[in-house]
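By convention in this document, chain letters (A, B, ...) are assigned in the order of the sequence lines, proteins followed by strands, and residues within each chain are numbered from 1. Because the structure is a prediction, the values reported are computed rather than measured.
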Amino acid sequence: MDDIKIVMDTIWVLFATALVFFMQAGFAMVETGFTRAKNAGNIIMKNLMDFSVGSLMFWVIGYGLMYGADSFGGLVGKPGFFFSGDYTSLIFQTVFCATAATIVSGSMAERTKFISYLCYSFCISVFIYPIAGHWIWGGGWLSSLSIGGATGFVDFAGSTVVHFVGGMCALVGAAIIGPRIGKYTKEGKSNAIPGHSITLGALGVFILWFGWFGFNPGSQLAASSLDDAYAIGKIFVTTNLAAAVAALVTMIITWIRYKKPDVSMTLNGALAGLVAITAGCAAVSPVGAALIGAIAGTVIVFGIEFVDKVLKIDDPVGAIGVHGICGAVGTLLVGLFSESTGLLYGHGVGQLAIQAIGVLAVGAWVLTTAFVVFKLIDKTIGLRVSKEEELIGLDLEEHGMESYADFELRGIQVR
Amino acid sequence: MDDIKIVMDTIWVLFATALVFFMQAGFAMVETGFTRAKNAGNIIMKNLMDFSVGSLMFWVIGYGLMYGADSFGGLVGKPGFFFSGDYTSLIFQTVFCATAATIVSGSMAERTKFISYLCYSFCISVFIYPIAGHWIWGGGWLSSLSIGGATGFVDFAGSTVVHFVGGMCALVGAAIIGPRIGKYTKEGKSNAIPGHSITLGALGVFILWFGWFGFNPGSQLAASSLDDAYAIGKIFVTTNLAAAVAALVTMIITWIRYKKPDVSMTLNGALAGLVAITAGCAAVSPVGAALIGAIAGTVIVFGIEFVDKVLKIDDPVGAIGVHGICGAVGTLLVGLFSESTGLLYGHGVGQLAIQAIGVLAVGAWVLTTAFVVFKLIDKTIGLRVSKEEELIGLDLEEHGMESYADFELRGIQVR
Amino acid sequence: MDDIKIVMDTIWVLFATALVFFMQAGFAMVETGFTRAKNAGNIIMKNLMDFSVGSLMFWVIGYGLMYGADSFGGLVGKPGFFFSGDYTSLIFQTVFCATAATIVSGSMAERTKFISYLCYSFCISVFIYPIAGHWIWGGGWLSSLSIGGATGFVDFAGSTVVHFVGGMCALVGAAIIGPRIGKYTKEGKSNAIPGHSITLGALGVFILWFGWFGFNPGSQLAASSLDDAYAIGKIFVTTNLAAAVAALVTMIITWIRYKKPDVSMTLNGALAGLVAITAGCAAVSPVGAALIGAIAGTVIVFGIEFVDKVLKIDDPVGAIGVHGICGAVGTLLVGLFSESTGLLYGHGVGQLAIQAIGVLAVGAWVLTTAFVVFKLIDKTIGLRVSKEEELIGLDLEEHGMESYADFELRGIQVR
Amino acid sequence: MSEITKVDIITRPSKIEDLKVALNEIGITGMTFSNVLGCGLQKGKTEYYRGTEYSIDLLPKARLEIVVCEVPVDLVVETAKKVLRTGEIGDGKIFIYPVQSVIKIRTGEEGVKAL
Amino acid sequence: MSEITKVDIITRPSKIEDLKVALNEIGITGMTFSNVLGCGLQKGKTEYYRGTEYSIDLLPKARLEIVVCEVPVDLVVETAKKVLRTGEIGDGKIFIYPVQSVIKIRTGEEGVKAL
Amino acid sequence: MSEITKVDIITRPSKIEDLKVALNEIGITGMTFSNVLGCGLQKGKTEYYRGTEYSIDLLPKARLEIVVCEVPVDLVVETAKKVLRTGEIGDGKIFIYPVQSVIKIRTGEEGVKAL
Ligand SMILES: Nc1ncnc2c1ncn2[C@@H]1O[C@H](COP(=O)(O)OP(=O)(O)O)[C@@H](O)[C@H]1O
Ligand SMILES: Nc1ncnc2c1ncn2[C@@H]1O[C@H](COP(=O)(O)OP(=O)(O)O)[C@@H](O)[C@H]1O
Ligand SMILES: Nc1ncnc2c1ncn2[C@@H]1O[C@H](COP(=O)(O)OP(=O)(O)O)[C@@H](O)[C@H]1O
């Protein structure tokens, strides 16, 4: 009987693993669709390689750091190399790590050297992600933090562990590498650089949404008791509602602000909802989920504009807004909307405080380490391709090929 | 032990839910691939939004109307708002509702105002679909109709509930809005308006076929007894065989009729087989499934030609033929091929009669309500974009963007 | 209790079936993406039709030949027609058969007559694949071959049964039909003929990788005991690691050999790793899997070059290298890396010898039968389209349509 | 030998089909079409992409080139004007160029015979 | 100063590679290629799309423009004819136009030197 | 009536935006752009695709055509040179052709007035 339960848990987690893996295809399509045709193959290659490097390195060392016996007062797990043991857990965690890693390729797209991107990938899989992960999921200090009656940072499926970590790396990387040529005028006005395939971008969003039905419900890590069954059913609902409402709200806001409903921003809106609900998907009610979606759908529009127009950081696909900002927002909102510990349900500010501390701590960790990593890469091998290479396109210059060899591309771009 | 069974049922239904959700990507790709590049983003947006609106509204009210305690003599369920309870059922039914909703975007593609489409989406999720659904799946009058020894309308996974409902809305919408500019000559001759990406269209068909392995076997709603196991295995086989044979037959017929095997029609053929087997997937044998596929594969060719050349209704993606006609045909064929109640197995015409009554009743309901809805929209906000907007394309006019900004598109179209 | 186990096994196998089915979409995208736009619809159609014909014929006769009671001394199963019985097994095996069948369309792309391709599809599903399959999986002679302490050819999920069989058919077909016009100069130098969409090709690879999480773990055929749970978890890990390492190694080798990391070859590299680990995914350790991946990632580069430059066989998508060569290599490597019987674990050469005999025997069977089949087709209806048709493109000539009607294609190709 | 001339018409892509039919009717069979981007009096517009304003300055136009000799240029121009004129901005322009010679590759014929 | 002339060749796209090589051999290095759609004697064909008949009237053609001066036009034309003539419909046409002047932007050279 | 002339500029696509702005400034409003492929002194390069060497001979170039009359050709040429010259290979060329006549379809105006 207990055996059966273990098998059922395993089936569930592996089902979820496959779906989360498939999110790699979603990221690849979103990132390539939202950027230019001349860099399409390069983005693909970066997505493929961060997954490959991540899979390898997380097995070699990352998983141990994240889930090894707690040491140094909750700061890091005791690493072992070449993990062998609970393979189901290993593979499930591997695809989560790879998700965090792949977020950056979007924000640094169209100008980052391929070799430098590989170095970054190595670093996030080897220590940036595993250590943040250890704090929250690996039994580290955040998982046992206790304030005002509430205990433990709540990040059910990784709004912070995965998305906020990835989003902060994306922020640091994009800030250090600087904007694409032509993105800002001399006066600092932002220019539009349209993506080359909204259909592929949209396909990517649908794939990601699909994958999220592994990401969130899979994080229950079990499907063998009545409670599990109830929980995973509810998580499907909260996940879906948040995404749907976020997309709707983003569409409405862009319609008002820009006169027309913006397609690519609305696609980002759906992802914003998904990222935001990830932390609280198990803790909030459907109504809470809808509200979280509505907030995320609002935040994303202003967030992306803020990054683009105020910070003047060039993030071609909106990765910082979607994963960074909405990852943080979603995590914080657990402190409001959690049915068992949230402020709005009369449980005081304890949970909210823990959530805030967690976000700040992880933010500080990632900003610092990512800054060091990207600066080091920049000073040594260099982060950015040459101006000439950027103009011609990374496909030809970095990989010697064209992604769309049979199609006439627009050489002339007047704006 | 019983707990385990419930968990297993839940796992199965949620697995199916994820797959059925993914059909949204399939629809988006089929519909965009089969229409023109200048409207690609608009179609995507409609698909995304009907799912979002549908998810929200079906939770708010639709699910209650469909599955609430039977009232008014089986006509409608007693609604509750903001459903909470069996979330697994809610989410499973939500993705079905969204499937019905999204069918229309194809038949009305390339000329429908975005805001009007949103209004329609609202209506189908809020009452057109839930009420028809109540009759058949919600314990309404059709589910208990008894004629000549047979009892209950058989629509296992929704040939009628989902596809025929969606297809009839598609018919009404496309008829009321009228054909795209250039679709018919002054003399009424039909012109070809080729889709912009057969590869994306085909990808969509493969995704839909994949999703159907959730749609049909998931409708068993259980996977915990030996009977369930046998049933879902068989449903995989019947579903797959019907699609395969339908594709094959469509290909052969187009080869004979048009001298060459028609790619996009054959892709429609596969979908026709899937739609047709949906009602009877659990009730028919593999041989029956192959025959149903063969019939659907034949019907679709003549059905699409009939809609196009006789009714002169412009249906860019063949939605009326695939979902409307084959939905009805598949439902009726249960009356012939059902192993337990079908005419061909010597069980009399009872089942066939029930099936016919069900199709007619649902047809009447949908034609009436959809007519009122579309006419109302037409008279108030207007269904159709201006001629100028249609010529330039909905992407630019309705959303201010181009879906393929880096590609040279063919301005010149001489036929 | 036992019932529950059967149901769990069924759920697992059907989950895997859906994923393996979806590999059809992956193949379609890889093959169309890596070939030219003028033949995109034709490739799609071939993929759709080999699956349809395969599904039908494998049910009609193939499954019986493969799994029917062993007869003729292990050479073939006793066939029954129109299989009915264990439908879960039927559908699972059907999607495997279709995988083998679809491999050929890639290597013969852009020049094969559609009708001839259909004939070939018929043959592989009706006897080439089922008979080879019987030897290994159907209880035939290879499954009981015993040498030096080791018993039974190990091909857990089909490196040989599926991929090597498909790859050898691909080899024979491509060799007999000859290279595409312009592929080789008069002096025999190989020319590059770039694919039309690296993004779709890459999407296909991600889809295939995703599908492989059904292909390999599904081949456990059970998920109801603790051993099963451990096994499928481990298979996820070995499958993923082999693919990741192979992609990485291929990238590095192409970087060294061609000065720049080659995108399409690296995508092939990932597939090479997946094909190679398929035979031994359950038998090797993660370390073994990583090494198998590294070997496959190396072999694929030199293998593809060998086929292209030495054999001068034109294989547009690298199918011979990926499925044929890496299928064989992966099968042989079980003899080295199997934890329970491998040479490197001190178990002698028995297993390696069995693996070698199996590969040779299957190779001989497929080369012979495929040769006869393709030669027969060639002599009767003809394998190849006319020169004129090939130049204009199969979409227009064989199907009367263009796949990308709205896009300007490059007419001028100067190299 | 009468003079050979090239008539180069730049106009809306959506009118090309009608133009082709009309020119066929006056006996012109050889034509060459291409896609160009134009800017003239007709102005582009301003849109938003992800919150960033941008303007579309160049509009897709179709070019039709016809080399004529026996068919009088005036007739071609009149026909084009008849088909293309809507009176609204964007109707386009016709440019007329001198041609020195024409050769038909298949037959080797030159000049008028080559047309 | 000898006369400058533009040779404009419209032909099958598949022949462009050979043409380029042949022209290189007679000393021509500067060339400009573009894709056009043509209708001439070569007829399109009728196909079915989803059961609806449609005809393909315009065929994809390649245009090659060469501005020459020192290399005699006749040699260019002869070379083109040699490479392109198959004797079948669709071989294409050559148009020859006068050129007033040429400027090389990089050096500012004009006329013959600019070529 | 002053002479009408066509100025045909072939250059790097990335310079087109600046060129357009500069020409607007000297009073030119009507322009026609197209994408071409060029080969000249600027050489392509050799790459590998799946292990096979191949060379890219034709480079994407942008063509800008302007028919002018009142604005002196020299001014146009000077402006173009100023914007486009980098001194590196690939700056491109300017070709100048005679024009016989221009017609504005919308108004029917001919010649200078049509510009
Ligand atoms: N002087 C010119 N030189 C080159 N092309 C021109 C010139 N004037 C107009 N054109 C082309 O003709 C097109 C139509 O010109 P436009 O001024 O918009 O026409 P209309 O007179 O109908 O308003 C332009 O888009 C441009 O491509
Ligand atoms: N009078 C013309 N004006 C402009 N283009 C022409 C003319 N005649 C032919 N062409 C171009 O030349 C191409 C080849 O002409 P066509 O008559 O088919 O050649 P062929 O003489 O080989 O049959 C046509 O497709 C068209 O693009
Ligand atoms: N004689 C010519 N005839 C036609 N086009 C030419 C000629 N010479 C140059 N071109 C065009 O001009 C472009 C620029 O020429 P190129 O020699 O590369 O310029 P640069 O002088 O800057 O090196 C070429 O790519 C080609 O398209």
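Using a 4.5 Å heavy-atom cutoff, the side chains of F:P98 and E:P98 are in contact. For the pair F:Y97 and E:V67, the minimum side-chain heavy-atom distance is below 4.5 Å. Between F:F95 and E:K6, every side-chain heavy-atom pair lies at or beyond the 4.5 Å cut-off. Contact of the E:V102 side chain with the F:I96 side chain is not registered, since no non-hydrogen atoms from C-beta on lie closer than 4.5 Å. Under the 4.5 Å side-chain criterion, counting only non-hydrogen atoms from C-beta, F:V36 is not in contact with E:F33. Two residues are said to be in side-chain contact when any heavy atoms from C-beta on lie closer than 4.5 Å; F:K81 and E:K104 fail this criterion.
Residues E:K20 and F:C39 come closest through the heavy atom pair CE-SG, 4.0 Å. The minimum heavy-atom distance between E:I105 and F:R85, with the atom names listed, is O-NE, 2.9 Å.
Interface residue E:E65: only side-chain heavy atoms are found under 4.5 Å from chain F. Of the atoms belonging to F:T5, it is side-chain heavy atoms, and not backbone ones, that fall under 4.5 Å from chain E. When heavy atoms are compared at a cutoff of 4.5 Å, F:V77 approaches chain E solely by way of its side chain, counted from C-beta outward.
When the candidates E:V99, E:N35, E:I28 are compared by the number of heavy-atom contacts under 4.5 Å with chain F, E:V99 comes out ahead.
Remark: F:L58 CG to E:E17 CD distance equals 9.0 Å, nearest 0.5 Å. Atom NZ of F:K93 sits about 11.5 Å away from atom CD1 of E:I103, to the nearest 0.5 Å.
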Open item on the list: side chain to side chain contact (heavy atoms under 4.5 Å, CB included), that's the test. Do F:L37 and E:T32 meet it? Break it down for me.
Closed with: CA-CA 6 Å; F:L37 291 167; E:T32 301; over 6 Å; no
